[in-house]
Amino acid sequence: YQAALRAAVEQTLACDTEVARLLEEAPAPELPSAEHLIEVPPPAMPPPVTTGRRRPAAGVNYLERQERNRDTGLKGELLVVEYERAWLAARGRPDLAERVTHIPATLGDGAGYDVGSFLSDGTPHHIEVKATRGSITAPFFLSASELRYARDHPAAYSIYRLFDLGPNPGFYKLTGDVDQLLDLTPVNYQARVKAP
C-alpha cells in the first residue's frame, strides 16, 4: 500500500501545474559529484490523461522561468559529462573518458543531444539530458530537433532523465525507439498568419 500510495501521490503531483510552477521557481540546486548520481529503472507510468482543463498562467515571468530552467539543465548536463567520464574510466577506457564532450559548449544548442560519449567498446553514444528538481514521474519536453535525432539514431542515442536534482539525484536511461518508449504529446505549434 505504501508503494501504491507513493506512486499515486507522485503521479498527481507530476500532473499539477501549480506544483510544477513552484518547483520551477526554486533556484537550481548545488549538485554533488557524479559518484552520487544513482541509475534506476525507468518508472512504469499509466498513459497520460487529458481532462481538457488548464489553469491560466497569470503573472508568469517567462524569461525568468527560462533562465532557471537553463541553469537546471546546464547543471544536469555537466553532471552527466562527469558521470560518463567516471563510468568509462571505471571500465578501463580513460582514453574515451577524456573525449566525452558537452556538445552545447562546442557545437551549440541545435545538435539534438547534449553529451557526446561512448560505450565501453568505443561506439559513439549521444545523450540528451533532461533534468528536473521534480520526481521520477515528472514529464519532460523534447524539441523537434531532439526528437528527429532520436528517431534517426535509435541505437546510438539515449535520454538520461535526471530527477530529484539536489543532494541525492537519480536518473534513468531510455535507449531505443522513442516512439515505443515514450507517450509523445505535441504541445507547441509554429504559427504564421494565413495569406488572404
Donor-acceptor pair, distance only, cut-off 3.5 Å: does the side chain of [X] make one with the backbone of [Y]?
{"X": "R91", "Y": "L119", "result": "no"}
{"X": "T132", "Y": "K130", "result": "no"}
{"X": "R99", "Y": "D95", "result": "no"}
{"X": "R93", "Y": "L88", "result": "no"}

Nearest heavy atoms of [X] and [Y], plus distance in Å:
{"X": "P124", "Y": "A156", "answer": "O-CB, 3.8 Å"}
{"X": "A131", "Y": "G76", "answer": "CB-CA, 4.1 Å"}
{"X": "S117", "Y": "V100", "answer": "OG-CG2, 3.7 Å"}
{"X": "P104", "Y": "E77", "answer": "CG-OE1, 3.9 Å"}
{"X": "V129", "Y": "V115", "answer": "CG2-CG2, 4.0 Å"}
{"X": "A111", "Y": "I103", "answer": "CB-CG2, 3.6 Å"}

Gap separating the CZ atom of R148 from the CG atom of L142, nearest 0.5 angstrom: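 Interatomic distance, R148 CZ to L142 CG, rounded to 0.5 Å: 12.0 Å.
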Looking at OG1 of T101 and CD1 of I127, how far apart are the two atoms once the value is rounded to the nearest 0.5 Å?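 The OG1 atom of T101 sits 11.0 Å away from the CD1 atom of I127.
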Considering only heavy atoms from C-beta outward, does the side chain of D114 approach that of V80 to under 4.5 Å?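 SC-SC contact between D114 and V80 ruled out.
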Picking from H125, K173, E128, what satisfies side chain to side chain donor-acceptor pair (under 3.5 Å) with S158?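 For S158, the side chain to side chain donor-acceptor pair (under 3.5 Å) test succeeds with only one of H125, K173, E128, which is H125.
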Trace of the side chain to side chain contact (heavy atoms under 4.5 Å, CB included) decision for R133 with T72: CA-CA 8 Å; R133 291 179 295 271; T72 299; 2.5 Å; yes
Could you walk me through whether I159 and L181 pass the side chain to side chain contact (heavy atoms under 4.5 Å, CB included) check? CA-CA 11 Å; I159 297 170; L181 295 167; over 6 Å; no
Establish whether M45 and L182 are linked, either directly or via other cluster members, by ILVMFWY side-chain heavy-atom contacts under 4.5 Å.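 No, M45 does not connect to L182 through the hydrophobic network.
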Show your reasoning for whether side chain to side chain contact (heavy atoms under 4.5 Å, CB included) applies to L147 and R151. CA-CA 6 Å; L147 182 57; R151 285 175 170 158; 3.6 Å; yes
F140, CZ: over 12 other non-hydrogen atoms inside 6.0 angstrom: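 Yes, CZ of F140 has more than 12 neighbouring heavy atoms, counting only those of other groups under 6.0 Å.
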Heavy-atom neighbours of D177 CG exceed 12 at 6.0 Å: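 Atom CG in D177 is packed in, count exceeds 12.
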Among F118, Y149, Y157, find the one that has a ring-ring contact (aromatic ring centres under 6.0 Å, His included) with H126.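 Of the listed residues F118, Y149, Y157, the ring-ring contact (aromatic ring centres under 6.0 Å, His included) partner of H126 is Y149.
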Determine, stepwise, if the pair E39 / W87 fulfils side chain to side chain contact (heavy atoms under 4.5 Å, CB included). CA-CA 12 Å; E39 183 176 0; W87 185 86; over 6 Å; no
Going by side chain to side chain contact (heavy atoms under 4.5 Å, CB included), name the residues that satisfy it together with L37, two or more places apart in sequence or in a different chain.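 By the side chain to side chain contact (heavy atoms under 4.5 Å, CB included) rule, L37 matches L79, Y83, L162, P169, F171.
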